[in-house]
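Below is one structure; the comments refer to it alone.
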Amino acid sequence: MKTLKTQVAIVGAGPSGLLLGQLLARQGIDNIIVERVSGEYVLGRIRAGILEQGFVDLVREAGVAERMDSEGEVHNGFDIAVNGRSFHIDLKTLTGGKTVLCYGQTEITRDLMAARAAAGLETYYEASDVALHDLKTESPHLTFEQAGEAVRLDCDYIAGCDGFHGVSRRSIPEELRTEHERVYPFGWLGLLADTPPVAEELIYCKSERGFALASRRSSTRSRYYLQVSMTDDVENWSDEAFWEELKKRLPEEAAERLVTGPSLEKSIAPLRSFVCEPMQYGALFLVGDAAHIVPPTGAKGLNLAASDVSTLSRILQRVYQQNDRACVEQYSPIALRRVWHGERFSWWMSNLLHSFNGDEINGMDAATYNRFMHSELDYYLNSDEGRAVIARQYVGLPYEALH
Ligand code: FAS
Ligand code: PHB
């Protein structure tokens, strides 16, 4: 068996693992990433598009912001359209100057991968049978197979950045984990196309036919979503069927501007709210989707991963630079406070903007629940204070300092 050693072993080369690895390396903290699939496969996943300021600052701190700063689009607000009537959420005015950046997760991941390779930092792609061992001892380590060779990676700490279906969360004994979950009775059918977007900023659409989102990746590349049943299948949706349904859910003036074209990617993502508590166990820290999942309605998934990374990288800096090993206990409480705020906002926006049908919800039939949600959204959209409540959470709540 081949034996390796590092200070921090990172499981997963998605945005969480790559961003953490970059921040640690810049602080002189040695780390190795072990990833199950190839780098090309990671880049093939089309996911988030909106970055909070906290994320942007972290990417700049990581020294990987050049393309993001030149190609990313600053958004000062977005629209919420309710049955064709648009309400503008003026983020900049309502939050005293805060904005969000529109820049695809795929691009961030590409930039982080390039920076890691340029720095000569070790990443083991296409690693199989990754397992975590001795997490509550002085010799935590990983084992995995790569290119037919068995490998042991000795380390001080393990960052489980391996997403919802990873191995890290399951390495915390089940009796010590509390998992909170809400699976929504619908999913998002996403489509990516090289067509000019219908608007300069995002449009979240609530319609009798269901939710839709008009997003973008650049002035020539669009990203759209439609609420579909959780039992739906992407094979049921031709590009033409997608475009026709989107037109019916967009406000009229946006539908008239819609430019259609062949899809570059089309897939259905299930929607769930999920939190695992605690987010650490001995030498293991859970980061990003390994610990929590949000419905993408609040654009929080990737952004909550970033605040986990920020907290953990600051803690590990304190451990190695100030020899303060006790501070590791701060990770889970600090991370979970911000995670739950992001979960609540994403759950709230999902209930306000989607159409529920079928079974009972909160002790009432779906039609009655939809009426309550319609009235709640109407209340918040029709006052500055109400729109400010949405804006302050959408731009992202502050990151908590270490104690
Ligand atoms: P990731 O899942 O991105 O990365 C985990 C990595 O670990 C993967 O590369 C995986 O291959 C690897 N891995 C898994 N098991 C492993 C093992 N055993 N050993 C080694 N490696 C392993 N967020 C938004 O804000 N807006 C959106 O629109 C949005 N859309 C999404 C659509 C989908 C289908 C999904 C799944 C998520 C979406 N998200 C969205 C959330 C998404 O952006 C995540 O928050 C983000 O990818 C989190 O990054 P990571 O924590 O790095 O997890
Ligand atoms: C996206 O562009 O993929 C996107 C943007 C905002 C969201 C969800 C997804 O809330």
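Numbering starts at 1 and runs along the sequence shown. The figures here come from the full heavy-atom set of this structure, side chains too, leaving out hydrogens, waters and symmetry mates. Note that ligands are numbered from 1 as they come in the structure, with each ligand's atoms numbered from 1 the same way.
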Report the member of Ala269, Gly14, Gly39, Gly17 with the shortest heavy-atom distance to atom 4 (O) of ligand 1. Gly14
Heavy-atom proximity to atom 23 (N) of ligand 1, best of Gly187, Gly104, Pro15, Ala48: Ala48
Element-labelled atoms of ligand 1 that are located less than 4.0 Å from some non-hydrogen atom of Gly166: 15 (N)
If you scan protein heavy atoms around atom 52 (O) of ligand 1, the nearest is Ser16 N, 3.0 Å
To which protein heavy atom is atom 16 (C) of ligand 1 closest, and what is the distance rounded to 0.1 Å? Asp162 CB, 3.7 Å
Taking the six-membered ring of Phe164 (Phe, Tyr or Trp), confirm whether the NZ or CZ of Arg169 is under 6.0 Å from its centre and within 45° of its axis. yes
Would Tyr41 count as a contact residue for ligand 1, given that I'm defining contact as a non-hydrogen atom of the residue lying under 4.0 Å from a ligand atom? no
Non-hydrogen atoms closer than 4.0 Å to ligand 2: which protein residues do they belong to? List them by chain and number, please. Arg47, Ala48, Gly49, Ile50, Trp188, Leu202, Tyr204, Leu213, Ser215, Arg217, Arg223, Tyr225, Pro296, Thr297, Ala299
Numbered in order shown, the ligand 1 atoms found under 4.0 Å of a heavy atom of Pro296 are 26 (N), 27 (C), 28 (O), 29 (C)
Below 3.5 angstrom, do we get any N/O pair linking Leu302 and ligand 1? yes
Using a 4.0 Å heavy-atom threshold (strictly under), name the region of Ala299 that reaches ligand 1: side chain, backbone, both or neither. backbone
I need the atoms of ligand 1 closer than 4.0 Å to a non-hydrogen atom of Val34, numbered in the order shown. 20 (C), 21 (N)
Check the side chains of Glu208 and Asn83 for a donor-acceptor pair under 3.5 angstrom, ignoring hydrogens and angles. yes
Among Arg272, Arg45, Arg47, which one has a heavy atom closest to atom 3 (O) of ligand 1? Arg47
Using side-chain contact (heavy atoms from CB on, under 4.5 Å) as the criterion, point out the one residue from Val8, Leu121, Thr6, Asp30 that pairs with Leu24. Val8
Would Lys98 pass as a cation-pi partner of Tyr394, given that its NZ or CZ must be under 6.0 Å from the six-membered ring centre and within 45 degrees of the axis? no
Once the angle between the rings of Trp348 and Tyr380 is folded into 0 to 90°, is it parallel (under 30°), tilted (30 to 60°) or perpendicular (over 60°)? perpendicular
Side chain, backbone, both or neither: which part of Cys161 has a heavy atom under 4.0 Å from ligand 1? backbone
